[in-house]
Structure formats: C-alpha cells, structure tokens
Amino acid sequence: FTVKTQSPSAAMSSIAAVGESYQKFNPRAYLQNNYMPPRADFSSEDCVVPWKLRCLAEAFATGDIHGRTLIDIGSGPTIYQLLSACDHFEEIIATDYLEVNREVLRQWVRGEPDSFDWSPYIKHVCRIEGKGEQWKEKEQKLRGKLRQILPIDVHQPEPLGSQLCQPADALVSTFCLEAVSPDRLSFERALRNVTTLLQPRGHFLLIGALEESFYLAGEAKLSVVPVSEADVKEALSKNGYHIHDFRSYLMPPSLKIGVDDVSGVFFVHAQKQPVA
C-alpha cells in the first residue's frame, strides 16, 4: 500500500491551473459578495466582518506586534486587514498576484472617487479601538504608510523575488493561502515560502476560510483547498510557529448567500520561533 503523492511536475501544473483560473477574477464582484451587506453588517458584532476586525484590533492591542515593516500577503482588493496595523509599523507593504487587485489598491491609496468605500470599516475600527481617533485621520495614515504594492507568488521559494531587502517584522494574510493552493501539501509549502519573508520572533496574523471548496468572483469560480482548524495548526507548527491565539467563527445560515460554500473562518496569531 503506497500513499500517492503528486510528482513535482503534476504539482506545478495544478498550481499553474490555479493561476490560470484567477485571470477571470473580478475585484468588484468579490468586494460586493464579501464586503457589503449582509456580510458587512456593522450593527451586529456577531456578523463576520466585525468579528474579523475585532480579532485584528485585539491582536494589535496587546502591544506585542510592532516594528518597521509589515507585509500583507495576498492583499486582494481589500485594505480592512491593515487598519489596526497602521499605528504599529512605519511601513506597510501590500502584495498580490493579480495586477487588477494591485490597481484597485493603488486607486484607493490615491483616493480616486470610484474606488471602494472603506469608510464604514475605518469608522468601525476607530470605534472598537476606542482611542478617539478620527476616521479620516486613520484613513490618511494608512494611505501614507502603504508605500509599496508589489506582485507576489506564494508558490515560489522567494515569493517577492528580489524586491525585499530584509525580512519583515510581521506578516498579515487574509483568505490567501488556502484560496490559491490546489491541495494541502501546496498550502503547507506556500506557508513555508511566505515564512521566509518574516524574521525570527516575527508575528503572523492569519485569517482564512474553514472547509471551503470554492468561491465566486464574477465569472470566476475559484477552487479552494478545504482546511480544518487542525490542518491550519499542523501547518503552522511544521513551519516553526508558536500559536498565541486561535479563534474560529461559524458562518451562520443567514450569511450563506451562495457565493461560496465556506463553513467558517479562522483567525490565528502565531509567532515564528528562532531556529535552535
């Protein structure tokens, strides 16, 4: 009895197929599906979007996660994941595989009139952080710190190529690794690749989908590798992380709106251990 493992060439071709499927990715449809009501209902703390924002705000409120540079792995067309980070880092680097997503981010940084309206998110984060910060102030601060928006490929041993001078003090990644990996092994390998961008003792805040097999972004139907809490914890420990906090959110029936088959969302705060 032998366990079947994919040959390197088969693994590469399934990764290539993932890259191909993303060419149809529609940022506006994706934002509509996931970052507008009903999923973005700020009147209810139990809704998925406020839950994610609270996880991030509480992680940064510990005061443990700070430094010169934070890299966001696979930003997509979103900036909500960086709102609580901007007080704690001098520079934030956003990254994405797709030029369409990088362009959406640049439009937001430039304040173009038809860019996605993140103001409800910024107001909500200012409210839950409770520091009395004006939302416009936070918006300007994040725009000022988002100095680089770079192409990334998490399936490469050097995901940013030669663009990075030194490892970052912290990483953030939301709904990226499981959404671009054809199988569990690729997911673990992608995690290993991005871990090279983080310095020892650096912190990693990771948000992702639990037990999801697909999601829609306009005409694109994108495959996701279904992962459980145990899969995520195992991948992190294999890659030398200590987990400080792990939380799960169960997607209620009212938020299962046909744009994916996600059963829940995980949040992890992990720290890269120095190699002994």
Side-chain angles (χ1 to χ4, degrees), residues 6-25 27 30 67-79 81-82 85 89-110 142-183 185-208 220 222 224-225 235-236 238-241 270 272 274-275:
Q6 272 195 321
S7 70
S9 61
M12 285 320 292
S13 69
S14 45
I15 286 168
V18 172
E20 194 55 42
S21 68
Y22 268 88
Q23 299 313 312
K24 291 195 183 109
F25 184 91
Y30 174 77
R68 202 176 70 82
T69 309
L70 172 121
I71 301 176
D72 182 20
I73 306 292
S75 309
T78 69
I79 57 94
Q81 66 276 22
L82 303 171
F89 294 89
E90 292 166 38
E91 176 187 42
I92 294 173
I93 299 172
T95 68
D96 203 72
Y97 180 72
L98 294 177
E99 169 56 25
V100 285
N101 284 337
R102 299 195 298 271
E103 184 52 30
V104 167
L105 296 176
R106 288 192 288 264
Q107 287 169 350
W108 181 80
V109 170
R110 293 192 296 256
L142 180 53
R143 282 184 171 140
K145 291 191 177 182
L146 250 180
R147 300 201 193 121
Q148 297 189 72
I149 298 169
L150 302 176
I152 191 168
D153 184 345
V154 299
H155 298 300
Q156 296 300 324
E158 293 184 350
L160 288 172
S162 57
Q163 302 170 97
L164 190 66
C165 314
Q166 60 192 94
D169 302 293
L171 303 178
V172 169
S173 188
T174 54
F175 304 99
C176 170
L177 301 182
E178 73 283 2
V180 298
S181 298
D183 51 49
L185 202 59
S186 309
F187 171 76
E188 287 182 6
R189 212 176 282 131
L191 179 62
R192 186 172 73 215
N193 294 340
V194 301
T195 296
T196 63
L197 304 174
L198 181 63
Q199 61 174 333
R201 299 193 198 285
H203 294 265
F204 195 173
L205 299 179
L206 192 59
I207 292 179
L222 301 146
V224 181
V225 58
L236 285 162
K238 272 187 188 172
N239 282 291
Y241 286 94
K272 183 178 175 177
V275 178

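Residue numbers start at 1 and run along the sequence shown.
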Enquirer: Does any part of the side chain of E103, heavy atoms only, come nearer than 4.5 Å to the side chain of P27, both counted from C-beta?
Expert: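 No, their side chains stay 4.5 Å or more apart.
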
Enquirer: About how many Å separate CD1 of I149 and CG of L105, when rounded to the nearest 0.5 Å?
Expert: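 The CD1 atom of I149 is 5.0 Å from CG of L105, to the nearest 0.5 Å.
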
Enquirer: Quick check: do I152 and I71 have side-chain heavy atoms less than 4.5 Å from each other?
Expert: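 Side chain of I152 against side chain of I71, heavy atoms only: no contact under 4.5 Å found.
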
Enquirer: Name the atoms and distances for all side-chain donor-acceptor pairs under 3.5 Å in residues 197-205, with sequence neighbours left out.
Expert:
| unit_1 | atom_1 | unit_2 | atom_2 | d |
| --- | --- | --- | --- | --- |
| Q199 | NE2 | D169 | OD1 | 2.3 |
| H203 | ND1 | H269 | NE2 | 2.8 |
| H203 | NE2 | D64 | O | 3.3 |

Enquirer: Going from CG on L206 to CG on L171, what distance comes out if it is rounded to the nearest 0.5 angstrom?
Expert: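 Rounded to the nearest 0.5 Å, the CG-CG separation comes out at 9.5 Å.
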
Enquirer: According to salt bridge (charged side-chain N to carboxylate O under 4.0 Å, His left out), does anything in residues 142-154 pair up with another residue at least two apart or in another chain? List the pairs.
Expert: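 Output for this query lists E139-R143.
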
Enquirer: Can you name the salt bridge (Lys or Arg N to Asp or Glu O under 4.0 Å) partners of E99, sequence neighbours left out?
Expert: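 Applying salt bridge (Lys or Arg N to Asp or Glu O under 4.0 Å) to E99 gives R102, R106.
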
Enquirer: Could you measure the distance from the CD atom of E178 to the CD1 atom of I207? Nearest 0.5 Å is fine.
Expert: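 One gets 10.5 Å once the value is rounded to the nearest 0.5 Å.
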
Enquirer: Should L82 and F89 count as side-chain neighbours, where that means a heavy-atom distance under 4.5 Å?
Expert: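 L82 does not reach F89 side chain to side chain.
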
Enquirer: With sequence neighbours excluded, what pairs up with Q81 under the side-chain hydrogen bond (donor to acceptor under 3.5 Å, both in side chains) test?
Expert: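 Here the qualifying residues are D72, T78.
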
Enquirer: By salt bridge (Lys or Arg N to Asp or Glu O under 4.0 Å), which residues pair with E158, not counting sequence neighbours?
Expert: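 Salt bridge (Lys or Arg N to Asp or Glu O under 4.0 Å) check on E158 returns nothing, list empty.
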
Enquirer: Indicate yes or no for a side-chain donor-acceptor contact from T95 to the backbone of P151 under 3.5 Å, with no hydrogens or angles considered.
Expert: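 Flag not set: sc T95 to bb P151 has no pair under 3.5 Å.
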
Enquirer: Can you find a heavy atom in the side chain of Y97 that is under 4.5 Å from one in the side chain of V180?
Expert: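 No, their side chains stay 4.5 Å or more apart.
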
Enquirer: Quick one: list whatever passes side-chain hydrogen bond (donor to acceptor under 3.5 Å, both in side chains) with D96, sequence neighbours left out.
Expert: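 D96 satisfies side-chain hydrogen bond (donor to acceptor under 3.5 Å, both in side chains) with N101 once adjacent residues are dropped.
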
Enquirer: Name the residue from L191, N193, L177 that meets the side-chain contact (heavy atoms from CB on, under 4.5 Å) definition with V154.
Expert: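 Looking at L191, N193, L177, the match for V154 under the side-chain contact (heavy atoms from CB on, under 4.5 Å) is L177.
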
Enquirer: For K24, what residues pass the side-chain hydrogen bond (donor to acceptor under 3.5 Å, both in side chains) criterion, not counting sequence neighbours?
Expert: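 K24: no side-chain hydrogen bond (donor to acceptor under 3.5 Å, both in side chains) contacts found.
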
Enquirer: Locate the shortest heavy-atom distance separating V194 from I73; write the atom from each residue and the value.
Expert: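 In this case the closest contact between V194 and I73 is CG1-CG2, 3.8 Å.
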
Enquirer: A side-chain contact here means heavy atoms from C-beta on lying under 4.5 Å apart; do P159 and T196 qualify?
Expert: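 They are in side-chain contact.
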
Enquirer: With side chain to side chain contact (heavy atoms under 4.5 Å, CB included) as the test, would you mind laying out the steps for T195 and Y241 before giving the verdict?
Expert: CA-CA 9 Å; T195 296; Y241 286 94; 2.8 Å; yes

Enquirer: Not counting sequence neighbours, which residues clear ring pair (Phe, Tyr, Trp, His ring centres under 6.0 Å) with F25? List them please.
Expert: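 Here the qualifying residues are Y22, Y30.
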
Enquirer: If the condition is ring pair (Phe, Tyr, Trp, His ring centres under 6.0 Å), which residues does F187 pass it with, not counting sequence neighbours?
Expert: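 Applying ring pair (Phe, Tyr, Trp, His ring centres under 6.0 Å) to F187 gives none.
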
Enquirer: Which heavy-atom pair separates L146 from A94 by the least distance, and what is that distance?
Expert: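 Looks like CD2-CB, 3.6 Å.
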
Enquirer: Is there a side-chain contact between I15 and S186 (heavy atoms, below 4.5 Å)?
Expert: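 Yes, their side chains come closer than 4.5 Å.
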
Enquirer: What residues, two or more places apart in sequence or in another chain, satisfy side-chain hydrogen bond (donor to acceptor under 3.5 Å, both in side chains) together with Q148?
Expert: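 Only E91 meet the side-chain hydrogen bond (donor to acceptor under 3.5 Å, both in side chains) criterion with Q148.
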
